[in-house]
Amino acid sequence: MRHFFLTGTSGIGKSTLLMEVLQEMAFPISGFFAQRQLLPDGTTGGFRLLPWSSRLPLTATYQAETSDLFIKKSDTGWQKDLRVFQTTAITLLNEKTPLKCLDEIGGTELLVPEFLNALYALLKSDVCCVGVIKSPQNLTSMMTRVEMKKQEAIKLQELHKDMTQQFHSVIVELTAFNREEVKLALKNFIKTEVCT
């Protein structure tokens, strides 16, 4: 097993659990995470791609001029700006560290050929990856709120299949009932795959 990814329903705490475990690690970690940008009423106003090494919180107050927003709410609906996946995300995928954090993959970024190529190159490499992969159910739910292409669902299905069959990954569903068990499994994976 070379990679360990969490999946599960939206809001179950996948990113939070990942952050809790990785903050305990004493070696360099690179990669990225999607920071949820919150509007004053507490709803989501957008998502920002940030380096894992920034150690910024998983949520922040939405500001339209914030850099690296790849999805943001507007008066006409949700707008996507995938340029961040052609630049920043690829740079972060290529950083050399013993462990890479990818939180979250499996959405609209899979339609960016440069990003998809860099992601597959990373997953084929000797670098261990941990992260969150969008579940097909979450993508379907997201498609009811954000205009998305059917290709995204197809790419996500292919990624799930490739993760387990080609890239020696385990994908664990986090639920309200198995949090501690999954947390222990993730810690053990990191100790076994990275720390030895």
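If you read the sequence from its start, that first residue is 1, and numbering goes on from there.
- Separating the SG atom in C128 from the CG atom in L123 is a distance of 11.0 Å, to the nearest 0.5 Å.
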Check against side-chain contact (heavy atoms from CB on, under 4.5 Å), I171 and M163: CA-CA 8 Å; I171 300 174; M163 293 287 278; 3.9 Å; yes
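- For T44 (side chain) and G46 (main-chain N/O), no donor-acceptor pair under 3.5 Å exists by modelled atom type.
- With hydrogens and angles ignored, the 3.5 Å screen pairs no side-chain donor or acceptor of S54 with any backbone N or O of L50.
- Among all heavy-atom pairs drawn from S30 and E95, the shortest one is CB-OE1, 3.0 Å.
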Full working for side-chain contact (heavy atoms from CB on, under 4.5 Å) between L6 and V130: CA-CA 8 Å; L6 302 174; V130 297; over 6 Å; no
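- Enclosure of atom NZ in K73 by more than 12 non-hydrogen atoms of other residues, nucleotides or ligands within 6.0 angstrom is indicated.
- If you take CG on L22 and SG on C101, they are separated by 5.5 Å, rounding to the nearest 0.5 Å.
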Worked check of salt bridge (Lys or Arg N to Asp or Glu O under 4.0 Å) between K72 and E65: CA-CA 11 Å; K72 64 181 175 179; E65 67 278 358; over 6 Å; no
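- Between F4 and V182 the shortest heavy-atom distance is CZ-O, 4.4 Å.
- Within 6.0 Å of the CZ atom in R83, the count of heavy atoms belonging to other residues, nucleotides or ligands does not exceed 12.
- Here the OG1 atom belonging to T66 is positioned 14.0 Å from the CZ atom belonging to F47, to the nearest 0.5 angstrom.
- Side-chain atoms of K100 come within 3.5 Å of backbone atoms of L93 as a donor-acceptor pair (strictly under, hydrogens ignored).
- Under the 4.5 Å side-chain criterion, counting only non-hydrogen atoms from C-beta, T87 is not in contact with F115.
- Between F70 and F85, the ring planes are perpendicular. Angles over 60° get that label, and only those under 30° would be called parallel.
- Rounded to the nearest 0.5 angstrom, E104 CD and F5 CZ are separated by 11.0 Å.
- Looking at heavy atoms from C-beta onward, I190 lies in side-chain contact with V21 at the 4.5 angstrom threshold.
- Residues T7 and V132 are not in side-chain contact: their nearest non-hydrogen atoms beyond the backbone lie 4.5 Å or more apart.
- In this structure, the side chain of E109 engages the main chain of G107 through a donor-acceptor pair within 3.5 Å.
- Between L69 and Y62 there is a side-chain heavy-atom pair separated by less than 4.5 Å.
- A heavy-atom distance below 4.5 Å is found between the side chains of R179 and T16.
- Taking 4.0 Å as the cut-off between side-chain N and carboxylate O, K14 and E173 do not count as a salt-bridged pair.
- In summary, R2 and E193 do not engage in a salt bridge, as defined by a charged side-chain N under 4.0 Å from a carboxylate O.
- The closest donor-acceptor contact from the side chain of T192 to the backbone of N188 lies under 3.5 Å.
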Stepwise salt bridge (Lys or Arg N to Asp or Glu O under 4.0 Å) test for K187 and E24: CA-CA 9 Å; K187 285 181 179 182; E24 297 174 12; 3.3 Å; yes
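- No side-chain donor from either of R36 and T59 sits under 3.5 Å from a side-chain acceptor of the other.
- One hydrophobic cluster, built from ILVMFWY side chains closer than 4.5 Å, cannot hold both L184 and M19; they sit in different ones.
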Check against side-chain contact (heavy atoms from CB on, under 4.5 Å), L159 and I133: CA-CA 9 Å; L159 179 61; I133 185 170; 3.8 Å; yes
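- Note that the CG atom of L99 and the SG atom of C129 stand 7.5 Å from one another [nearest 0.5 Å].
- Checking side-chain atoms of H3 against main-chain N and O of G131 turns up no donor-acceptor pair under 3.5 Å.
- A distance-only check finds a donor-acceptor pair linking the side chain of N117 to the backbone of P113 [under 3.5 Å].
- Here the side chains of D162 and Y120 are in contact, with some heavy-atom distance below 4.5 Å.
- Using a 4.5 Å heavy-atom threshold, the side chains of L102 and L122 count as touching.
- Dense packing is recorded around CG of D41, with more than 12 heavy atoms of other residues, nucleotides or ligands lying under 6.0 Å away.
- Annotation: the span from I12 atom CD1 to S10 atom OG amounts to 9.5 Å, rounded to 0.5 Å.
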Test log, rule side-chain contact (heavy atoms from CB on, under 4.5 Å), inputs I90 and N94: CA-CA 6 Å; I90 293 173; N94 290 327; 3.4 Å; yes
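- Side-chain atoms of L116 and K155, non-hydrogen and from C-beta on, do get closer than 4.5 Å to each other.
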